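Below is one structure, written out as structure tokens, with a few remarks after it.
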Amino acid sequence: MAGNRKPYNRSLPPAWAAHGDIQEALDALETYRKKDPNKVIVRFKAVGNAPIMKTNLYQINASNRFQAVIQFVRRQLQWKAGDPLFTYINLAFAPAPDDTVANLYKSFATDGHLIVNYSTTAAWG
Amino acid sequence: MATYRGSPSAFSTPASTTLFRRLTWEGTVPLEIRVDSKELPANSDRGLETYYIQAPRVSYLPLIVPELKRFLMDVVFDEAAGRIMKDEDWWFESEEGSLLKWHWPLGLIYDNHTVSASIRGTSSALPQPLAPLRIILHLAAPPTEKLLLAPSAEACKQAFMGQMKEADFLRWGNTKRMTGLRKAEQDGLWEGIKEHNFDEYWRVASKVTPTTTPLRSQSPPPSVAMHTRPPSADPQGATPDRDGAMNVRSVPVRIYLPDGPVLQDLVPPLLEDGVF
């Protein structure tokens with residue numbers, strides 16, 4: 001029954017690689033590798049018992065991963081390794097740590113700010 | 001067994017949608033997982049330390065650890081080594097030494113790796129179709145900083161639920177559908193993934209995903225419908241139009257470029273001229 005079925009080939013079609021058309025695709029991909037030089041404004045808001053930061057508006061590199069934002073908050077609060085900290089966007093969800101600040105800003109910014117809530121206990125979890 | 005209120009999937013989801021979901025769900029990828037030879041405990045049965053699995057695309061690395069552990073305990077490690085083995089320290093790398101993320105679905109890991117390898121290599125190095133993805137299992141010292149998450153099924157579940165809420169927010173501008181689920185229902189989503197149980201997953205997922213019956217709810221034109229067919233009196237009991245796939249704010253989409261960044265932006269369900 002499945003005798004004549006060709007298995008799926010998930011690599012790029014060999015014709016591309018053979019004729020050099022792949023170069024065009026590679027060049028296009030390369031444009032996405034350049035770091036986004038922009039900065040976005042992040043507004044930090046404490047939730048529950050979490051201490052308030054001295055300044056709550058910061059410019060953060062758009063190319064940073066959200067993980068860098070989490071580490072930034074931990075430094076600001078002088079949190080030790082292992083101290084619990086939970087971070088959310090728009091009081092709604094915890095983004096993946098490898099989401100970039102640029103992606104989150106494009107999708108979830110409010111009035112030109114990306115709002116990051118932080119809490120010492122799990123909320124909206 | 002708990003009784004669930006009328007499962008929308010049973011009544012209002014078109015067969016084509018269910019088929020598409022089923023095909024997506026049933027997709028699998030071949031994996032070849034080998035314990036790092038430098039880390040094999042003394043007295044291990046060498047030559048057998050490779051495990052082959054055809055794993056669901058929608059599953060995650062932490063979810064195949066129990067099966068992998070059973071195999072290694074039964075066949076490869078001796079009793080003394082088995083006793084001190086801690087699977088919470090396990091982590092995975094590709095053959096080329098790139099870290100495999102715990103919160104990426106296996107299908108994504110497979111595709112991203114295969115495509116990246118094929119554009120990096122010369123044409124002669126193109127991977128064979130259906131060749132298993134070769135994975136190295138490390139037994140100790142997980143680089144938690146780079147994995148970004150604790151290597152555990154629980155952390156993976158939390159990340160998964162976070163993604164479900166993010167998608168909810170993109171579609172509707174809030175996470176009410178996800179937070180409105182009872183605890184048992186939320187757990188059911190993850191159990192469905194974990195057990196690879198389509199019905200268990202979609203019994204809950206259909207409550208948070210848009211309905212896919214746009215044509216019926218869009219005709220007759222809304223002005224007529226408002227007067228002749230108030231939603232509450234709809235004899236079909238059709239889900240209100242506001243839950244329709246064409247009425248979401250954005251479609252949750254993410255593009256993973258080979259060896260490159262992940263792109264995400266607001267993606268409206270319709271083009272400006274109203275085309276799907």
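Just so we're on the same page: letters track the sequence lines, and every chain starts at 1. Keep in mind the model is a prediction, meaning the values are calculated, not measured.
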Problem - A/Asp98 versus chain B, the contacting section by heavy-atom distance below 4.5 Å - result: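 Both parts, backbone and side chain.
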Completion exercise
So, the part of A/Glu30 with a heavy atom under 4.5 Å from chain B: the answer is neither
Other residues, nucleotides and ligands only: do more than 12 of their heavy atoms fall within 6.0 Å of [atom1] on [X]?
| X | atom1 | value |
| --- | --- | --- |
| A/Arg74 | CZ | yes |
| A/Asp111 | CG | no |
| B/Lys157 | NZ | yes |
| A/Asn49 | CG | no |
| A/Gln59 | CD | yes |
| A/Ile52 | CD1 | no |
| B/Arg249 | CZ | no |

Shortest non-hydrogen contact from [X] toward [Y]:
| X | Y | result |
| --- | --- | --- |
| B/Asp265 | A/Lys106 | OD2-CD, 3.4 Å |
| A/Ala92 | B/Lys165 | O-CD, 3.9 Å |
| A/Leu29 | B/Leu257 | CD2-CD2, 3.8 Å |

Problem - Among B/Asn174, B/Val267, B/Leu266, residue most engaged with chain A (heavy-atom pairs, under 4.5 Å) - result: B/Leu266
Problem - Geometric class of the B/Phe169/A/Phe108 ring pair [parallel <30°, tilted 30-60°, perpendicular >60°] - result: perpendicular
Handout entry: Side chain proximity check, A/Arg33 to B/Asp259, heavy atoms < 4.5 angstrom
Key = yes
Exercise for the section: Taking the side chain as every heavy atom from C-beta outward, state whether B/Glu166 and A/Asp99 have any pair of such atoms under 4.5 Å apart. Expected result: yes
Handout entry: OH-CD1 distance between A/Tyr32 and B/Ile255, expressed to the nearest 0.5 angstrom
Key =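 One gets 7.5 Å once the value is rounded to the nearest 0.5 Å.
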Handout entry: Gap separating the CE atom of B/Met161 from the CZ atom of A/Phe93, nearest 0.5 angstrom
Key = 14.5 Å
